[in-house]
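Just so it is clear: chains get the letters A, B, ... in the order the sequence lines come, proteins before strands, and each one is counted from 1.
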Amino acid sequence: MIRVRFAPSPTGALHIGGGRTALFNWLFARHNNGKFILRIEDTDRTRSTKEAVQTILHGLEWLGIDWDEGPNSDGNFGPYFQTERMEIYKKYADQLIKEGKAYYCFCTPEMLEEKRKLAAQKKEAPKYDGACRELSKNPGGPFVIRFKMPIGEITEVEDLVRGKVKFENDLLDDFVVVKSDGVPTYNFAAVVDDHLMEISHVIRGDDHLSNTPRQIVLYKAFGWKLPAFAHIPMILGPDKARLSKRHGAASVIEYRDLGYLPEAVINYIAKLGWGYKDQEVFSRQELIDLFTLEAVSKNAAIFDIEKLKWLNGNYIRTALPERIVDLCEPLLFDAYGKQDLAYISKIVRLFLDRLKVINEITDLTPYYFNDDFPFDEKAKKYLGSEDSSKIINTLKDKLVGVAPFIKDNIEKMFKQLAEEMKVKLGVIIHPCRAAVSGRVETPPMYDVLEVLGKDRVNKRLSKYPQ
RNA sequence: GGCCCUAUAGUCUAAUGGCUAGGACGCGACCCUCUCAAGGUCGAGAUACGGGUUCAAUCCCCGUUAGGGCUACCA
């Protein structure tokens with residue numbers, strides 16, 4: 001049975017990188033008819049919050065990544081919050097102590113900090129010196145539990161993405177497995193949980209590759225079977241530094257709020273570090289069908305917002321128009337007040353080919369809602385001259401006679417007028433566009449006029465000198 | 001500092017020990033056209049550097065450089 005897990009620590013919203021780790025795990029599980037488990041690693045009690053748990057859950061839900069076991073959907077391997085598993089960790093820590101594979105360490109953080117500084121000065125590896133390793137007497141006071149790293153051995157990580165990676169145990173510390181407050185550290189809790197939850201494949205970020213030997217050594221100490229490991233490359237910002245808030249929106253939910261569709265975000269992050277032939281656009285089912293760890297790339301990828309935008313525009317164009325209308329509606333209400341829904345629907349449909357991001361809709365549409373919309377400098381150039389005033393006046397007179405006021409009839413009228421005036425269509429349309437929208441860029445003029453309606457159009461054209 | 005990972009255009013990637021190194025975003029031009037989009041056609045643009053192995057290296061090996069990660073009583 002394939003069992004994988006996504007194990008975020010709830011210290012903030014679901015990050016793009018976390019979202020992709022979740023996605024790869026989820027795709028791997030779904031592809032193999034396995035289970036996808038969500039485990040909350042909240043052992044950092046100072047930084048973990050309940051709110052963060054909720055935002056992570058919402059982020060996953062928005063992406064459509066559902067979990068078979070985890071918060072709100074219990075399986076047989078819970079609890080799925082690490083803070084609710086404290087007795088379990090204690091039991092296994094005690095076992096290590098009893099077997100002489102771990103020991104109590106009474107060094108204070110201050111002492112350790114001092115030693116680290118000294119080592120740095122002497123340009124030596126800042127590594128725990130094993131002071132408490134063979135303590136005969138208990139000096140009392142607070143203590144941590146350290147793992148007794150087997151020295152003189154090589155620990156090999158067999159990674160599904162990177163191949164074989166070797167580490168010398170001697171370079172690894174006697175790392176802490178239980179903190180002085182009795183809470184296990186990440187490396188210890190993850191191993192205990194992954195074993196107990198029968199995780200078959202550990203798929204996680206590259207940043208954990210260097211931690212893997214520490215975990216393997218624990219598996220060995222317990223005599224447990226190793227899971228398969230797959231370390232996927234990191235996502236970086238444009239400056240090649242680890243993607244973070246500094247680079248703009250870094251959390252999944254922010255992309256929702258910015259006007260991206262979840263399927264676009266899924267498609268984009270799936271392609272970041274994974275690919276299938278020359279294909280760019282994948283449905284969710286295609287991703288499940290085609291995803292394999294073998295096709296995961298080894299190199300870190302830079303998050304490219306432009307490509308995400310392109311994909312998003314793509315999905316907007318292929319989505320059901322009603323859905324896009326629904327997404328635009330609250331934004332337009334917010335910007336321009338409550339509006340007639342049928343009117344909104346007509347407007348949004350004019351912009352389906354023009355939106356890359358849903359939220360752009362408000363900036364594109366002020367002239368549909370206000371008569372004192374802003375005027376571009378370029379648009380002004382089409383107005384004010386004697387010629388343009390004449391054109392607009394003539395146009396206004398002709399428009400009165402167009403009935404019903406629909407684009408086919410409007411088009412006929414424009415073409416007739418152009419012929420009568422012996423000018424090209426553009427000569428009439430450009431000033432008209434400027435007058436009714438204040439812009440030089442709009443959807444096709446006949447559509448715009450129809451949607452605006454005869455009254456509004458007439459009113460706007462009337463503003464110009466007789 | 002030590003250890004580990006990575007290296008194909010600005011970005012994401014494909015490819016084989018042997019064709020003009022393929023695709024996508026972005027960029028430019030053109031077509032379409034009432035403008036902007038969308039769509040279509042075309043174009044510029046890459047194997048980090050230096051050594052090997054080989055008849056032949058983007059691919060295999062070594063080194064350098066660059067970037068990233070770990071080196072916490074964070075995860």
Query - A:Ile324 CD1 - B:A38 C1' separation (whole Å) - result: 15 Å
Query - Pair listing, salt bridge (charged side-chain N to carboxylate O under 4.0 Å, His left out) test, anchored in residues 15-28 of chain A, at least two apart - result: none
**Report entry** Protein-nucleotide distance (A:Ile154, atom CD1; B:C4, atom C1'), rounded to Å
**Finding:** 13 Å
Report task. Report the distance from atom NZ of A:Lys166 to atom C1' of B:G2, rounded to the nearest whole Å. Result -> 19 Å
Query - Between B:C32 and B:U65 - C1' atom distance, rounded Å - result: 49 Å
**Report entry** Between B:C4 (P) and A:Lys298 (NZ): distance, integer Å
**Finding:** 17 Å
Query - Geometric cation-pi criterion, A:Arg39 with A:Phe81: 6.0 Å, 45° - result: no
Query - A:Trp274 CH2 to B:A14 P, straight-line distance once rounded to whole Å - result: 11 Å
Report task. Sequence neighbours left out, what passes side-chain contact (heavy atoms from CB on, under 4.5 Å) with A:Thr365? Give chain and number order. Result -> A:Leu332, A:Tyr336, A:Ile347, A:Phe351, A:Ile361, A:Tyr368, A:Phe369
**Report entry** Sugar-phosphate only, base, or nothing, as touched by A:Lys424 at under 4.0 Å among non-hydrogen atoms
**Finding:** nothing
Query - Rounded interatomic separation in angstrom, taking NZ from A:Lys164 and C1' from B:C3 - result: 19 Å
Report task. Take atom P in B:U64 and the same atom in B:C70, then report the distance between them in whole Å. Result -> 23 Å
Query - Separation of atom CZ in A:Phe229 from atom C1' in B:C4, rounded to whole Å - result: 15 Å
Query - P spacing across the pair B:C25 / B:A66, given as an integer number of angstrom - result: 34 Å
Query raised in the report: Partners of A:Arg456 by side chain to side chain donor-acceptor pair (under 3.5 Å), sequence neighbours excluded?
Result: A:Tyr343
**Report entry** Those residues that, when tested against A:Trp274, pass ring pair (Phe, Tyr, Trp, His ring centres under 6.0 Å) (two or more places apart)
**Finding:** A:Phe282, A:Phe291
Query - Whole-angstrom distance between B:A46 and B:U54, as gauged at atom P - result: 31 Å
Query raised in the report: When you check the gap from the basic side-chain N to the acidic O, do A:Glu280 and A:Lys271 get nearer than 4.0 Å?
Result: yes
Query raised in the report: Which nucleotide in the set B:C3, B:A7, B:C5 lies at the smallest distance from any side-chain heavy atom of A:Phe167?
Result: B:C3
**Report entry** B:C27 versus B:G10 - spacing of their C1' atoms, nearest Å
**Finding:** 9 Å
Query raised in the report: Using 4.0 Å as the upper bound for N to carboxylate O, is an ion pair formed by A:Lys90 and A:Asp94?
Result: yes
Requested in this report: Tell me, please, which residues at least two apart from A:Gln95 pass side chain to side chain donor-acceptor pair (under 3.5 Å).
Outcome: A:Glu99
**Report entry** Footprint string (nucleotides 23-34 of chain B, 5' to 3'): B base within contact, S backbone only, - free, heavy atoms under 4.0 Å
**Finding:** BBB--------B
Query raised in the report: Do any side-chain nitrogens or oxygens of A:Ser297 fall under 4.0 Å of OP1 or OP2 in B:U13?
Result: yes
Report task. Would you check if there is a donor-acceptor pair between the side chains of A:Gln215 and A:Asn187 at a distance under 3.5 Å? Result -> yes
Requested in this report: Going 5' to 3' through nucleotides 62-75 of chain B, assign each nucleotide B (protein heavy atom under 4.0 Å from a base atom), S (under 4.0 Å only from sugar-phosphate atoms) or - (no protein heavy atom that close).
Outcome: -----SSBSSSBBB
**Report entry** Whole-angstrom distance between B:G45 and B:G22, as gauged at atom P
**Finding:** 12 Å
Requested in this report: Look through every strand shown and name the nucleotide pairing with B:C42 as Watson-Crick or G-U wobble, where both distances are under 3.5 Å.
Outcome: B:G28
Query raised in the report: Partner of B:C60 by Watson-Crick or G-U wobble geometry, both contacts under 3.5 Å, or none?
Result: B:G52
Requested in this report: Not counting sequence neighbours, which residues clear side chain to side chain donor-acceptor pair (under 3.5 Å) with A:Glu420? List them please.
Outcome: A:Lys398
Query raised in the report: A:His201: what forms a side chain to side chain donor-acceptor pair (under 3.5 Å) with it, not counting sequence neighbours?
Result: none
Report summary line: Applying the 3.5 Å cut-off to both distances, the Watson-Crick or G-U partner of B:U6 turns out to be B:A66
Report task. Could you pick out which residue, A:Lys277 or A:Thr442, lies toward the 5' side of RNA chain B when each is mapped onto its nearest nucleotide? Result -> A:Lys277
Query raised in the report: Below 4.0 angstrom from OP1 or OP2 of B:U35, is there any side-chain N or O of A:Arg354?
Result: no
Report summary line: By the Watson-Crick or G-U definition, both distances under 3.5 Å, B:G1 is matched with B:U71
Report task. Would you mind classifying the nucleic acid contact of A:Gly205 as base, sugar-phosphate or nothing, using non-hydrogen atoms under 4.0 angstrom? Result -> nothing
Query - Separation of B:U35 P from A:Leu350 CG (nearest whole Å) - result: 17 Å
**Report entry** P spacing across the pair B:C49 / B:C59, given as an integer number of angstrom
**Finding:** 11 Å
Report task. Write down the distance separating the C1' atoms in B:A9 and B:U58, rounded off to the nearest Å. Result -> 14 Å
Query raised in the report: If you look at every strand shown and take non-hydrogen atoms under 4.0 Å, does A:Thr46 touch a base, only sugar-phosphate, or nothing?
Result: nothing
